[in-house]
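First comes the structure, then the notes that go with it.
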There are 2 protein chains.
Amino acid sequence: MKPTIRDVAKMAEVSISTVSRVMNAPETVVESKRNRVIEAIQTLQYQPNAFARGLIYKKSFTLGLLIPDIENLYFAGVIRGMQDACIKLGYSLMICNTDRDKERLLSYIDAFHEKQVDGIVFASDVLYPEYYEKLVGCRIPFVLVSSHSDEYDIPCVEIDDEVAAYDAVKFLIELGHKQIGMIGFNHDNSISGPPRYDGFVRALNEFGLEHNMEKIKFANHRFEHAYQAAHELFTEYPDITAVFCVADEFAMGTISYLKDRNIHVPGQVSVVGFDNLRMSTMFIPKLTTIAQPIYELGYRAAEKIHELLSTGSVKVKREKMEHKLIVRESSREK
Amino acid sequence: MKPTIRDVAKMAEVSISTVSRVMNAPETVVESKRNRVIEAIQTLQYQPNAFARGLIYKKSFTLGLLIPDIENLYFAGVIRGMQDACIKLGYSLMICNTDRDKERLLSYIDAFHEKQVDGIVFASDVLYPEYYEKLVGCRIPFVLVSSHSDEYDIPCVEIDDEVAAYDAVKFLIELGHKQIGMIGFNHDNSISGPPRYDGFVRALNEFGLEHNMEKIKFANHRFEHAYQAAHELFTEYPDITAVFCVADEFAMGTISYLKDRNIHVPGQVSVVGFDNLRMSTMFIPKLTTIAQPIYELGYRAAEKIHELLSTGSVKVKREKMEHKLIVRESSREK
DNA sequence: TCCTTTTTAGAAAACCTTTTCAAGGTGATT
DNA sequence: AATCACCTTGAAAAGGTTTTCTAAAAAGGA
């Protein structure tokens with residue numbers, strides 16, 4: 001049986017109140033007793049019971065993180081950042097991978113509710129009304145990371161997807177490309193799909209390249225879909241010389257397709273990705289891409305939910321972090 | 001304030017015992033009251049408090065998972081498998097990423113202890129005495145996944161690394177390669193380093209290729225290290241035509257190096273990886289590799305800790321799962 | 001020395017749930 | 001009609017901790 005505060009009290013020959021005080025307000029206990037208690041705690045390897053504590057504090061000192069796809073390296077970075085922040089702030093972290101499954105997500109919220117997590121970070125996914133209703137029903141505060149909501153007024157941390165996409169496309173244009181395609185996220189099940197599309201469109205408009213407006217295919221988060229989308233794009237528009245991909249994984253899928261078609265990247269076609277995953281430097285060719293401050297996004301999200309929990313509100317509701325274009329080997333002047 | 005069982009009882013005009021019974025043994029409550037209670041639960045969005053429950057059951061219905069590197073896609077698979085098993089078995093999962101840091105790992109064990117996790121799965125890492133001592137000190141049962149311990153008698157689930165490595169090297173030999181190198185894990189901070197090395201050596205011995213015995217460089221888990229190791233390997237032994245890499249990430253590092261040196265894979269050098277990560281089909285060329293049943297390893301690990309928790313012991317202590325060589329594009333006949 | 005103030009420590013209540021125990025009520029059996 | 005068994009329900013204890021309240025002891029002042 002795990003030792004309880006009673007066992008410690010008995011061994012140190014004091015009351016349980018004194019033991020509790022040694023742990024929570026040591027200065028109120030005389031040194032001799034304090035030392036006896038500390039010694040007893042160590043020999044018994046006593047660890048206070050989080051259940052009993054939680055019952056009193058009505059806090060679990062635990063945060064929940066909901067991510068859509070653990071096999072996407074993007075979230076590894078978010079997790080690392082968030083976990084580091086949690087350590088700093090004294091929280092434990094409960095990570096749940098929804099595999100983009102609504103039912104599963106909803107049942108994870110139930111689990112969070114039951115486990116009384118103090119707050120939830122919701123990553124990169126559309127905040128559907130069902131989610132929102134459930135979350136507020138559970139009275140669990142939450143923030144969004146790499147996401148936002150126009151419908152509801154929820155704190156969030158993200159980059160400016162529209163500007164980032166614009167920057168990427170502008171870069172391709174300034175490289176001299178005139179025939180530019182895009183592989184984007186479906187608009188109905190992604191949060192960054194529309195703004196990145198908007199950025200693409202704005203760049204085309206600004207540089208008088210409206211004839212590319214149709215050269216878009218949408219894919220569903222994964223390599224294989226991007227490969228397929230690239231196939232459709234290049235079958236329909238064989239004269240494309242540059243592709244803006246809204247994810248590094250899409251860029252890899254596109255490049256793989258081009259490779260299979262014996263089209264050289266960046267010799268014949270330039271490709272720029274998005275995210276700057278660790279993979280983007282491992283891939284051949286190394287990807288030109290928009291770098292997101294992934295780790296920092298996770299870190300800030302944790303800080304933000306902490307701010308919300310401890311002060312009841314957040315200073316800046318919609319927080320933007322900086323992106324950066326990183327030029328590597330998958331792009332070249334036309 | 002979150003509603004408690006009292007609020008439900010009051011709304012349904014029954015005692016709290018009845019509410020509890022509706023949740024835990026519905027058939028013992030007459031239908032009319034039961035329905036009233038169920039209705040009250042729904043309108044209040046009542047969720048029983050896991051703290052109070054844990055206090056009584058002395059169980060948290062939570063498992064802990066310790067992984068060394070969340071940025072390694074290998075663990076994404078383990079997590080998915082384990083999470084699915086947890087859902088089936090009624091556990092929540094607490095994932096902690098140690099970044100291969102001893103201190104951090106130890107402090108995560110403390111956190112697990114305090115949160116009263118029922119059991120821990122320890123992934124792919126050496127079970128150092130400090131870890132072992134701490135774990136038994138906390139009286140938390142645990143199992144190993146993709147790992148084992150010769151020193152201590154701990155249940156584990158893994159593949160047969162020695163045989164898997166042997167199979168990979170044998171494959172290269174049967175392709176006609178005579179000059180074979182290897183990029184391995186350091187033996188002192190990896191669990192699969194030694195057996196995979198042994199498999200390499202056994203294959204060489206068996207086919208009379210002992211002259212390759214020295215053609216080994218060790219790397220430290222990451223792409224960059226493998227790139228560097230490949231550099232050393234090929235500088236020292238420029239006539240190598242095949243490389244056995246003990247991780248897909250090493251294979252990618254090696255291939256990147258060769259690419260930079262303008263050595264064609266598989267034209268001039270064959271490379272085989274290990275793990276069959278999702279990346280191995282995204283890389284160019286697609287990797288020939290040893291497939292581990294990663295998802296299943298995670299799944300089995302959860303089942304195993306559950307077995308240990310519910311029956312007090314485990315039927316097969318050291319469990320081996322099947323690996324499989326998958327031939328793709330990074331290898332070719334000599 | 002005696003009274004007041006401060007410091008220290010123990011007893012008990014509270015947090016929320018499950019479960020045991022006992023009691024009241026119903027229906028069936030004799 | 002009386003007894004018995006069973007079904008249904010509520011009261012109360014238990015689980016481990018923190019915290020409030022109270023009491024005792026120590027320290028300080030007159």
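Basis for what follows: all heavy atoms, side chains included, without hydrogens, waters or symmetry-related copies. A note on names: the letters A, B, ... follow the listed sequences, proteins ahead of strands, and every chain is numbered from 1.
Using a 4.0 Å cut-off, no side-chain N or O of A:Arg21 falls inside it from OP1 or OP2 of C:dT8. In this model, the phosphate group of C:dA9 is not approached by any side-chain N or O of A:Thr18 to a distance below 4.0 Å at OP1 or OP2. When the side-chain nitrogen and oxygen atoms of A:Lys33 are compared with OP1 and OP2 of C:dA9, one or more of them lie within a distance under 4.0 Å. Between B:Lys2 and C:dC16 there is no side-chain N or O to OP1 or OP2 distance below 4.0 Å.
Across all strands, A:Thr4 comes closer than 4.0 Å only to sugar-phosphate atoms, never to a base (heavy-atom distances). Within 4.0 Å (heavy atoms only), A:Tyr57 reaches sugar-phosphate atoms of the nucleic acid but no base atom.
Closest of all the heavy-atom pairs between B:Tyr131 and B:Ile109 is O-CD1, 4.5 Å.
Residues A:Asp125 and A:Asn189 bring no donor and acceptor atom of their side chains to less than 3.5 Å of each other. Side chains of A:Asp84 and A:Tyr295: a donor on one and an acceptor on the other come within 3.5 Å. B:His221 and B:Arg100 form a side-chain donor-acceptor contact under 3.5 Å, judged by distance and modelled atom types alone. In this structure, a donor-acceptor pair under 3.5 Å is present between the side chains of B:Tyr74 and B:Gln292.
In 5' to 3' order, the nucleotides of DNA chain D bounding all contacts with chain B (an atom under 4.0 Å from a heavy atom) are D:dT8 to D:dG16.
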Report the C-alpha distance between B:Tyr132 and B:Tyr152 in whole Å, list the side-chain angles of each, state the deciding distance to 0.1 Å, and finish with yes or no for ring-ring contact (aromatic ring centres under 6.0 Å, His included).
CA-CA 8 Å; B:Tyr132 178 81; B:Tyr152 310 106; 3.6 Å; yes
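Atom CG in B:Asn24 sits roughly 14 Å away from atom C1' in C:dT20 (whole-Å rounding). Between B:Phe51 atom CZ and C:dT18 atom P there is a gap of 15 Å when expressed in whole angstrom units. Between A:Arg36 atom CZ and C:dT8 atom C1' there is a gap of 13 Å when expressed in whole angstrom units. In this entry the distance linking CD1 of A:Ile5 with P of C:dA11 reads 13 Å, nearest Å. Separating the CD atom of A:Glu27 from the C1' atom of C:dT6 is a distance of 15 Å, rounded to the nearest angstrom. Between the C1' atom of C:dT17 and the CZ atom of B:Phe61 lies a distance of 13 Å, rounded to the nearest Å.
In terms of position on DNA chain C, the residue among A:Ile56 and A:Thr28 whose nearest nucleotide sits closer to the 5' end is A:Thr28. The residue among B:Val30 and A:Gln47 whose nearest nucleotide of DNA chain D lies closer to the 5′ end is B:Val30. Of the two residues near DNA chain C, A:Ile16 and A:Val29, the one whose nearest nucleotide lies more 5' is A:Val29.
Partners of B:Ile16 according to the side-chain contact (heavy atoms from CB on, under 4.5 Å) rule, which considers only residues two or more places apart in sequence or in another chain, are B:Ile5, B:Arg6, B:Ala9.
In the interface, the side chain of A:Ser17 is paired with the base of C:dA11 through a donor and an acceptor atom under 3.5 Å apart.
Looking at the side chain of A:Val14, the nearest of the listed nucleotides C:dG10, C:dT8, C:dT18 is C:dG10.
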